[in-house]
Trainee: 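For reference, the structure I am asking about is given below.
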Amino acid sequence: MSSWMPLTAHVDERVPGTVLILGPTGAAGGLAVQNACALGVQRIIGVGRGAADLARVAGMGAETVELTGGKAQDAKAIAAALDGRSPELVLDYLWGTPAESAFEALHSIPGAAPTSYVEIGSVAGEDAAVPASLLRSRPFRLSGSGIGSFPMDRYLVQGMAYLQVLADGKITVDATTYPLEQCTDAWNAGPGPRAVLTAG
């Protein structure tokens, strides 16, 4: 729902041509890629770490950019992937320095195409500096996606819609099941498919 809510809110206005996703290699980020595909987004660019994980994301239909940890270098790589066109929507699961790289990349793109930037997670840091000049250079909307960011009645409506999308098989949730007695193995499973405990 962390990506479904802002995606559907944007689709209510019009289907975005390009969505930039920071952190597509995690469970929620991978669902964001699939959600964007299910809603008809034309171009999805995933920005993250790990060549193998990014290859998996590419298999879902996204173009990928690998982060190096260098803010200026990452900004250039993101800008190159955008190829002079601002994304209509950014879904950010990372924040911190990767967000600052994205801001720099967006600011380097000429023109005044509107961008909606949605902060969802902060695994790369709780703080990110937003350049004032970026805010003045184009229509730029910065918001968050969480329980308090949308009206509860919209959550209920979209929650039911998303259950139908799952039931229709349009989204695949990678999960590995463990019996309850193997909870230690599930806890120590590390990155990858979501660990799910089953009883009985």
Side-chain angles (χ1 to χ4, degrees), residues 2-3 6-7 10 16-37 41-111 113-138 140-146 174 188-195:
S2 65
S3 63
L7 278 163
H10 210 85
T18 301
V19 171
L20 179 69
I21 301 173
L22 275 66
T25 58
L31 286 172
V33 173
Q34 293 186 69
N35 290 342
C37 286
V41 174
Q42 298 166 11
R43 187 172 185 226
I44 304 161
I45 302 171
V47 179
R49 289 190 176 174
D53 287 330
L54 287 171
R56 178 175 48 82
V57 170
M60 297 176 189
E63 301 169 39
T64 60
V65 176
E66 186 164 12
L67 292 170
T68 65
K71 185 164 73 171
Q73 185 175 348
D74 289 343
K76 287 178 182 175
I78 295 168
L82 290 169
D83 194 25
R85 292 166 292 173
S86 295
E88 289 92 338
L89 182 62
V90 180
L91 302 175
D92 184 352
Y93 287 89
L94 303 177
W95 204 236
T97 302
E100 293 178 352
S101 295
F103 295 148
E104 188 176 326
L106 292 170
H107 193 39
S108 73
I109 297 170
T115 296
S116 179
Y117 195 109
V118 183
E119 193 280 326
I120 302 171
S122 53
V123 296
E126 284 291 321
D127 299 306
V130 183
S133 54
L134 171 63
L135 301 178
R136 293 192 304 263
S137 68
R138 70 198 63 230
F140 189 86
R141 181 172 57 191
L142 179 61
S143 63
S145 179
D174 288 335
N188 294 321
R194 179 122 346 164

Trainee: Less than 4.5 Å apart, side chain to side chain, heavy atoms only: is that true for R85 and I109?
Mentor: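 With C-beta onward as the side chain, the pair stays apart.
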Trainee: Does the side chain of Y117 reach to within under 4.5 Å of the side chain of L22, using non-hydrogen atoms?
Mentor: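 Heavy-atom side-chain distance check passes, below 4.5 Å.
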Trainee: About how many Å separate OG of S108 and CG of L82, when rounded to the nearest 0.5 Å?
Mentor: 8.0 Å
Trainee: Taking the side chain as everything from C-beta on, heavy atoms only, tell me whether D53 gets closer than 4.5 Å to V57.
Mentor: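 D53 does not reach V57 side chain to side chain.
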Trainee: At their closest point, which heavy atom of A51 faces which heavy atom of E66, and how far apart are they?
Mentor: N-OE2, 3.6 Å
Trainee: Could you pull out the closest heavy-atom pair between S3 and Y93, with the gap in Å?
Mentor: CB-OH, 3.3 Å
Trainee: Within a strict 4.5 Å, meaning less than it, do heavy atoms of the L89 and S116 side chains meet?
Mentor: yes
Trainee: Where do W95 and A124 come nearest, in terms of heavy atoms and distance?
Mentor: O-CB, 3.6 Å
Trainee: Has the side chain of T115 got a donor or acceptor atom that lies under 3.5 Å from a matching backbone atom of P87?
Mentor: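 Indeed, once roles are kept as given, a pair shorter than 3.5 Å links the two residues.
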Trainee: Going by heavy atoms in the side chains, are V130 and F103 under 4.5 Å from each other?
Mentor: yes
Trainee: Of all the heavy-atom pairs spanning T68 and G70, show the shortest one and how long it is.
Mentor: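 In terms of heavy atoms, the two residues are closest at OG1-N, 3.2 Å.
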Trainee: Quick one: pull up CG in L142 and CG in L135 and give me the separation to the nearest 0.5 Å.
Mentor: 7.5 Å
Trainee: Distance check, rounded to the nearest 0.5 Å: R136 atom CZ versus H107 atom NE2?
Mentor: 8.0 Å
Trainee: Would a 4.5 Å heavy-atom cut-off, applied to side chains only, mark V47 and L94 as touching?
Mentor: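 V47 does not reach L94 side chain to side chain.
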Trainee: Any sub-3.5 Å donor-acceptor pair from E100's side-chain atoms to A129's backbone N or O?
Mentor: yes
Trainee: Under 3.5 Å, is there a donor-acceptor pair between the side chain of E119 and the main chain of G144?
Mentor: no
Trainee: Taking atom CG of L91 and atom CG of L7, what is their separation to the nearest 0.5 Å?
Mentor: 5.0 Å
Trainee: Among S86, P114, P110, which one satisfies side-chain contact (heavy atoms from CB on, under 4.5 Å) with R138?
Mentor: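 Exactly one candidate clears the test, S86.
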Trainee: Flag the pair C37 / I44 as yes when at least one side-chain heavy-atom distance between them is below 4.5 Å, and no otherwise.
Mentor: yes
Trainee: Give the minimum heavy-atom separation between P24 and I21, together with the two atoms involved.
Mentor: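 The answer is CD-O, 3.7 Å.
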Trainee: With heavy-atom distances below 4.5 Å as the criterion, would you say the side chains of S101 and I78 are in contact?
Mentor: yes
Trainee: Nearest heavy-atom pair of V65 and A81: which atoms, and what distance?
Mentor: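 Closest heavy-atom pair between V65 and A81: CG2-CB, 3.5 Å.
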Trainee: Tell me if a side-chain donor or acceptor on S145 pairs with a main-chain N or O of S2 at a distance below 3.5 Å.
Mentor: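 The answer is yes, because a donor-acceptor pair under 3.5 Å joins these two groups.
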Trainee: Taking atom CG of L54 and atom CZ of R49, what is their separation to the nearest 0.5 Å?
Mentor: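 That separation rounds to 11.0 Å.
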Trainee: State the CZ-CG distance between R43 and L20, to the nearest 0.5 angstrom.
Mentor: 9.5 Å
